[in-house]
Amino acid sequence: PMFERTTAKNEWGSLLGEIVDKVNAGRKGTKYKPVTTGSILKKVKGFDTNQLRDFVTECKKSRCFSECFYGKLKKK
């Protein structure tokens with residue numbers, strides 16, 4: 001079940017929500033279950049706002065957001 005996302009209180013929270021939305025959009029119709037905000041939070045909790053913004057922007061420009069997101073996190 002999809003839950004309605006609460007309104008983010010700052011830019012960092014908004015970026016986190018955008019990551020969840022983009023990753024889940026790429027998972028529709030696949031064997032993968034939707035990700036939760038908590039699971040993404042664990043992966044990006046060390047990022048400051050500028051780092052997270054740059055990371056999201058870079059992944060948006062890639063062919064596949066999820067592939068970029070998870071691939072780049074493995075390299076860090």
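Computed over heavy atoms, backbone and side chain alike; hydrogens, waters and symmetry mates excluded.
For the residue pair Pro34 and Arg27, the shortest heavy atom distance occurs at CA-CD, 4.4 Å. When all heavy atoms are compared, the tightest approach of Tyr70 to Val23 is OH-CG1, 3.9 Å. Taking each heavy atom of Lys45 and Trp12 in turn, the nearest pair found is CA-CZ2, 4.2 Å. Counting all heavy atoms, side chain and backbone alike, Phe55 lies closest to Lys72 at CE1-CB, 3.4 Å.
Distance alone, capped at 3.5 Å, is enough to place a donor-acceptor pair between the Gln51 side chain and the Asp48 backbone.
One distance of note links CG of Leu15 with CD1 of Ile40; it measures 13.0 Å at 0.5 Å rounding. Between atom CZ of residue Phe47 and atom CG of residue Leu73 there is a gap of 5.5 Å, rounded to the nearest 0.5 Å. Here the OG atom belonging to Ser66 is positioned 10.5 Å from the CD1 atom belonging to Ile19, to the nearest 0.5 angstrom. The CZ atom of Phe69 sits 13.0 Å away from the NZ atom of Lys22 when rounded to the nearest 0.5 Å.
Every residue two or more places apart in sequence or in another chain that forms a side chain to side chain contact (heavy atoms under 4.5 Å, CB included) with Ser39 is listed here: Val35, Thr36.
Counted by atom type alone, Asn50 and Arg53 present one or more donor-acceptor pairs between their side chains at under 3.5 Å.
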